[in-house]
2 protein chains.
Amino acid sequence: MLHWSIPDDTRKSWDRKIPYYIRFRDHFAAMIKAGTLLPNAKLPSERALAEDFSITRVTVRQALIRMEAEGLIFREKRRGWFVSPPRILYDPTTNASFTKSVTEQGRVAGTLVLSKQRVMASAWVSENLGCAPGAEIFIINRLRTIDGRAVLVEQIHIKAERCPGLLENPLDQSMTDLLSEKYGIVERRAQINMRPTVLLEDPAHALGVTAGTPSLYLSRSIVDQYNEVIELDLEFWRHDAIDICVAATGKTAD
Amino acid sequence: MLHWSIPDDTRKSWDRKIPYYIRFRDHFAAMIKAGTLLPNAKLPSERALAEDFSITRVTVRQALIRMEAEGLIFREKRRGWFVSPPRILYDPTTNASFTKSVTEQGRVAGTLVLSKQRVMASAWVSENLGCAPGAEIFIINRLRTIDGRAVLVEQIHIKAERCPGLLENPLDQSMTDLLSEKYGIVERRAQINMRPTVLLEDPAHALGVTAGTPSLYLSRSIVDQYNEVIELDLEFWRHDAIDICVAATGKTAD
DNA sequence: CAGCATTTGTGGTATAGTCCAAATATCGTT
DNA sequence: AACGATATTTGGACTATACCACAAATGCTG
């Protein structure tokens with residue numbers, strides 16, 4: 001059994017007005033870094049932590065939320081707090097699939113189709129997909145996992161007219177491959193936008209986390225060989241799961 | 001059907017189980033969206049807000065911190081809460097300078113050199129800069145502002161032997177231009193990594209914000225025409241200031 | 001009227017609880 | 001051993017305060 005609290009004697013030496021919740025953070029950050037706490041390990045309950053450190057549960061939560069924002073730990077809704085696994089490197093500019101990328105880094109990727117449907121494009125979608133408002137599109141919601149942990153939800157929008165019968169295909173594979181093999185659509189280029197934000201109600205629920213936890217929002221609009229936008233992909237990433245890397249090659253004329 | 005867009009007034013008013021801090025958030029989110037609250041407007045004090053909404057200051061802070069994570073508002077250390085200005089689009093893969101990029105979007109960019117020194121490379125830096133541990137390097141700390149608001153701190157590491165007398169030049173301009181004009185160093189390519197995290201003590205102080213506020217960490221290692229890493233750039237961005245965009249052109253062989 | 005000291009207001013930290021709903025563990029029955 | 005009802009634990013939300021440190025406003029003084 002591990003001892004979580006700091007011995008009282010040591011407290012004197014660094015008793016320099018460091019807030020409790022920072023000490024708490026430092027304590028666990030050190031344990032995580034040292035490997036005393038392994039990835040996916042569950043922390044004790046908030047009440048137990050509060051007692052061990054002789055602080056209030058409110059203060060414990062303040063520290064935990066801070067550590068979550070740092071990417072040290074994560075939570076599963078109403079289940080508790082866990083140590084974050086290492087981030088995966090992900091290059092959104094290559095066409096390399098999520099699955100391939102994750103596998104190459106020695107992790108296990110999973111894909112779960114949450115829903116698929118044929119609907120009429122909303123105003124926002126039609127604008128960004130470059131089609132008439134009300135045009136028919138496919139919307140596919142998928143959940144992606146790494147080593148069993150849900151790390152991203154994505155909502156894929158595809159013009160229906162370009163891909164008849166798309167939803168009859170297995171949808172837990174790479175969309176790039178599917179569009180290429182079945183419909184001869186080649187991804188020529190893509191415009192990617194990213195910004196840190198928090199998880200909204202629905203994506204949070206899909207990820208099994210509390211709404212309001214930090215996340216990385218990534219949108220990708222994909223252009224085919226005819227210079228037409230054919231796919232719009234909206235992704236919410238668990239912010240502690242990803243390390244985005246892109247290569248900038250030479251000077252692009254602008 | 002999953003809803004990905006931000007809930008506004010469409011939230012079900014008949015659902016009485018919406019937490020106070022979410023209602024508070026929705027109220028101000030609507031005001032900000034409607035333009036009733038303009039960018040950089042200061043919110044009332046936490047105590048005043050608590051009284052106005054008949055909730056505790058603790059709950060008010062919970063809501064404010066949530067809104068900060070969303071990027072709706074930001075705070076200046078011990079000064080209060082303010083409405084976030086629009087994000088600027090920033091493409092880290094182009095060599096376009098910060099100043100140029102900001103100016104093109106009709107905003108005013110500023111650069112402040114915080115410190116400049118010639119030191120010996122630490123183990124970590126030498127590893128990432130590709131030089132011997134203890135080799136001499138320049139470290140330049142700069143603060144970047146948009147419309148007067150500090151949005152990013154950067155720490156630039158440059159091999160000293162390649163750029164004699166670098167620190168004697170004006171350092172509030174584009175490093176790319178300076179290296180090119182004075183030392184004939186051309187940025188051939190760069191490797192960029194990004195991840196959401198929080199501001200640590202020092203960068204937070206430089207930005208004038210509370211340590212622990214969300215941020216985007218961006219590192220850039222720049223390779224010259226001789227395929228040698230000559231610059232290592234570490235950046236902490238205010239997470240609500242930036243909308244990162246990159247273009248993925250065609251398929252890269254891998 | 002400039003410059004310095006003091007007060008006041010504000011955000012940051014922290015306590016000590018309560019209530020609730022969901023998740024987990026327990027236990028008895030088939 | 002499997003299952004379902006029940007009790008317990010846990011995280012999420014919230015109240016009501018308190019104290020401190022710092023920033024801005026205020027007042028005092030030379």
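Residue numbers begin at 1 in each chain, while the letters A, B, ... track the order of the sequences. It should be emphasised that the depicted structure is a prediction, and the values quoted were computed from it without experimental measurement.
B:H157 places no side-chain N or O within 3.5 Å of a backbone atom of B:E231 that could act as its donor or acceptor partner.
Note on B:T56: a base of the nucleic acid sits closer than 4.0 angstrom, heavy atoms only. In this structure, B:R61 reaches the bases: a heavy-atom distance under 4.0 Å links it to at least one base atom across the strands shown.
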Enumerate donor-acceptor pairs with a distance under 3.5 Å from any side-chain N or O in residues 195-207 of chain B to protein atoms, sequence neighbours excluded.
residue, atom, partner, partner atom, Å
B:R195, NH1, A:D243, OD2, 3.3

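A straight line from CZ of A:R78 to C1' of C:dA22 spans 5 Å, rounded to a whole angstrom. The nearest whole Å value for the distance from the OH atom in B:Y20 to the P atom in C:dC20 is 12 Å. Between the NZ atom of A:K77 and the C1' atom of C:dA21 there is a distance of 12 Å, given to the nearest Å. One atom, CZ of A:R25, and another, C1' of C:dT13, lie 17 Å apart when rounded to the nearest Å. When rounded to the nearest whole Å, the span between CD1 of B:I65 and C1' of C:dT13 equals 11 Å. Following rounding to the nearest Å, A:R75 (CZ) and C:dA23 (C1') show an atom-to-atom distance of 16 Å. Counting to the nearest Å, the P atom of C:dA14 and the CG atom of A:L49 are 16 Å from each other. With rounding to whole Å, B:I18 atom CD1 is found 15 Å from C:dA21 atom P.
Judged by the 6.0 Å and 45° rule, A:R61 forms no cation-pi pair with A:Y21.
Of the two residues near DNA chain C, A:T59 and B:E76, the one whose nearest nucleotide lies more 5' is B:E76. Comparing A:P19 and A:R79 by the nucleotide of DNA chain C that holds the closest heavy atom to each, the one mapping nearer the 5' end is A:P19.
Nucleotides of DNA chain D that come within less than 4.0 Å of any heavy atom of chain A span, from the 5' end to the 3' end, D:dT10 to D:dA21.
Comparing C:dG12, C:dT15, C:dT13 by their closest approach to the side chain of B:T210 singles out C:dG12.
Side chains of A:W81 and A:E46: a donor-acceptor N/O pair is present below 3.5 angstrom, by distance only. A donor and an acceptor atom, one from each side chain of B:R142 and B:T111, are nowhere located under 3.5 Å apart. Side-chain N/O atoms of A:N141 and A:S115 include a donor and acceptor closer than 3.5 Å.
Side-chain atoms of B:R47 come within donor-acceptor range of the base of C:dG11, with a qualifying N/O pair under 3.5 Å.
Using a cut-off of 4.0 Å between Lys/Arg side-chain N and Asp/Glu carboxylate O, B:R47 and B:E51 are scored as not salt-bridged.
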